[in-house]
Amino acid sequence: MKLGQLLKGIRIIREFQGRELLSPDTAMYSLANNNDVKSITADSRKCTRGSLFIAVRGAVTDGGKYVRDAIERGAQYIVCENIPEEEEAPMRRGDRDLVVYIVVQSSREAEAKIAINNFSNPSQKLKLIGVTGTNGKTSIATLLYNTFTALGNKCGLISTIANYVVDKKIPTINTTPGPLELNKLLSDMVDEGCSYCFMEVSSHAIDQERVAGLKFAGGIFTNLTHDHLDYHKTFENYRNCKKQFFDSLDSEAFALTNIDDRNGEFMVQNTKAQVHTYSTRNIADFKTRIIEQSIDGMQLSINGTKIWCNFIGEYNAENLTAIYGAAILLGAPHDQVVKIMSSLRSVSGRLEYFRADDDIIAAVDYAHTPDALENVLKTLKALKPKGDLVCVFGCGGDRDKTKRPEMGAIASNYADRIFVTSDNPRTEDPMTIIENIKAGMSADAVLKAKFIPDRIQAIQNAITTARPGSIILVAGKGHEDYQIIGTEKHHMDDKETVKEAFRLRSDNNLR
């Protein structure tokens, strides 16, 4: 694409070719420039001859530090907030081609707009639904994707577990990709004929403007609990960041909010979007009541219609209500929606069950926040297991430390037996993390608990020593198939470990 087309709508402060000021009139040069840009990247390592490099100021690293590397690899155009001081002499691609610096007010905003311009604004060509909140984003986005696919539509999904363009699975690194990757995915969906895209919107993505400029047909708020305070520093910052997403919705969009959460109304108080509510406890536009439940599922009444679904727990009832509400707001027929909802299955690593021969059940769940852990334990406790309710969990290293004792206290309140272990310790000492968790546990719980830093060993110990009829919750990693120790990823899958532990238990029982 031409440089001028890429930079449309961007606030340009100054432009230099080498060190020469191109024009005192902002944007006169770049917007009139018809040179082809060969590639666009915010990663200097991906620059080649003719690239446009965006020096994004990130939360950890300032892309300005990599300008020289980008130029040495062939970058012709540099979008930045400041020209690096070390660029004392004009950098040349050859005798004729001086590097052009385009100084902008915000490199993050520029990256988002360049990405949108480069892919011809793909979010305007399908119905994009964003799901944000602390818990439930993956389940709601994925099950909406499954529902609308079952309704006969071509759909896209952008989620923590995987991205999908129709039925093509694309691995994911971040919950919400960066602007260039994100708009490329949306463009691919448009090219494949997708009518809808369902997308998780993380607080990091909102704060870092990864979703800036996208046109959303709707936004869904799930809940807000203790998480990511290592990044946002305070709960108020975290809450206000989420709210920015709804503030940015236009009047043609809908905002569907969970009014059972104390922040549900706050999220939508300044939005231009059409506000709708959902609830399992209060009067709302979309209301669900749990009639009965067992380990195999629950019967719900959603807006007066009874359905059986393959999920349990109030938090799953909330998720299903959001799915139903969003589907109706998008024009799907009620009868078809409830029929499809009765056949939906749990998302990978979200309360996935495994059964042993002697009535042992292991549930693998992604719960890694205090609220999520409490919701799952409360749900399993309500099933009144014949044996014990066992909880295996840990907390991530180099992340929010304040939630560790909270999660220890929650495990103490609900579980009969507790195994505290590792969950991506990263560069922290696993025993230090365990001690932080232990600080929140009751004295009685500490006496009965096991503290085993090796996660595989902890899971195996919990399962092989469990009484018949017990339910074992393995919490924290869910769909993840790795453990981060130091700075390296090692293969480690809770589901694989559970199955192997069942085999070991069976072998021991035969002896």
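In this text the structure is predicted, and so the values were computed from the model without any measurement.
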Item to complete: Identify the two heavy atoms, one from Gly397 and one from Ile433, that lie closest to each other, and give their separation to 0.1 Å.
Response: CA-CD1, 3.6 Å
Item to complete: Heavy atoms only: give me the nearest Lys403-His368 pair and the separation to one decimal.
Response: NZ-O, 2.8 Å
Practice prompt. Please find out if less than 6.0 Å separates the ring center of Tyr77 from that of Tyr101.
Written response: no
Discussion item. Taking the ring of Tyr482 and the ring of His490, is the distance between their centroids below 6.0 Å?
Written reply: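 No; Tyr482 has its ring centre 6.0 Å or more from that of His490.
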Item to complete: Sort and list the pairs that fulfil salt bridge (charged side-chain N to carboxylate O under 4.0 Å, His left out) and have at least one residue in residues 317-328, not counting sequence neighbours.
Response: Arg281-Glu318
Fill in: Qualifying salt bridge (charged side-chain N to carboxylate O under 4.0 Å, His left out) pairs with a residue from residues 484-495, counting only residues at least two apart or across chains
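Output for this query lists Glu352-Lys495, Arg455-Asp494.
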With [X] via side-chain hydrogen bond (donor to acceptor under 3.5 Å, both in side chains) - residues at least two apart:
X      : value
Asp365 : none
Tyr324 : His334
Thr142 : none
Glu200 : Thr138, Thr160

Is there a side-chain contact between [X] and [Y] (heavy atoms, below 4.5 Å)?
X      : Y      : answer
Ser159 : Lys137 : no
Ile40  : Ser51  : no
Leu214 : Leu186 : yes
Ile83  : Phe16  : yes
Arg239 : Glu236 : yes
Asp371 : Thr134 : no

So, using ring-ring contact (aromatic ring centres under 6.0 Å, His included) as the criterion, who are the partners of [X] when residues are at least two apart?
X      : answer
His276 : none
Tyr315 : none
Phe148 : Tyr196, Phe198
Tyr145 : Tyr164

Fill in: Under the side-chain contact (heavy atoms from CB on, under 4.5 Å) test, residues paired with Arg345 that sit two or more places apart
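Applying side-chain contact (heavy atoms from CB on, under 4.5 Å) to Arg345 gives Asn310.
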Worksheet item: Partners of Lys287 by side-chain contact (heavy atoms from CB on, under 4.5 Å), sequence neighbours excluded?
Response: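 Expected list: Ser279, Asn303.
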Worksheet item: Near Lys184 NZ, under 6.0 Å, is it more than 12 heavy atoms from other residues, nucleotides or ligands?
Response: no
Worksheet item: Counting only heavy atoms not in Glu252, do more than 12 fall under 6.0 Å of its CD?
Response: no
Have [X] and [Y] got a donor and an acceptor in their side chains that come within less than 3.5 Å?
X      : Y      : answer
Thr280 : Thr288 : no
Asp400 : Thr402 : yes
Gln483 : His491 : no

Worksheet entry | Arg45 with Asp69: basic N within carboxylate O range, under 4.0 Å | no
Worksheet item: Per the side chain to side chain contact (heavy atoms under 4.5 Å, CB included) rule, which among Val268, Asp261, Ile259 passes with Phe221?
Response: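 Testing each of Val268, Asp261, Ile259 against Phe221, the sole residue satisfying side chain to side chain contact (heavy atoms under 4.5 Å, CB included) is Asp261.
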Worksheet item: Checking side chain to side chain donor-acceptor pair (under 3.5 Å) against Thr132, which of Gln244, Lys243, Lys242 comes through?
Response: Lys242
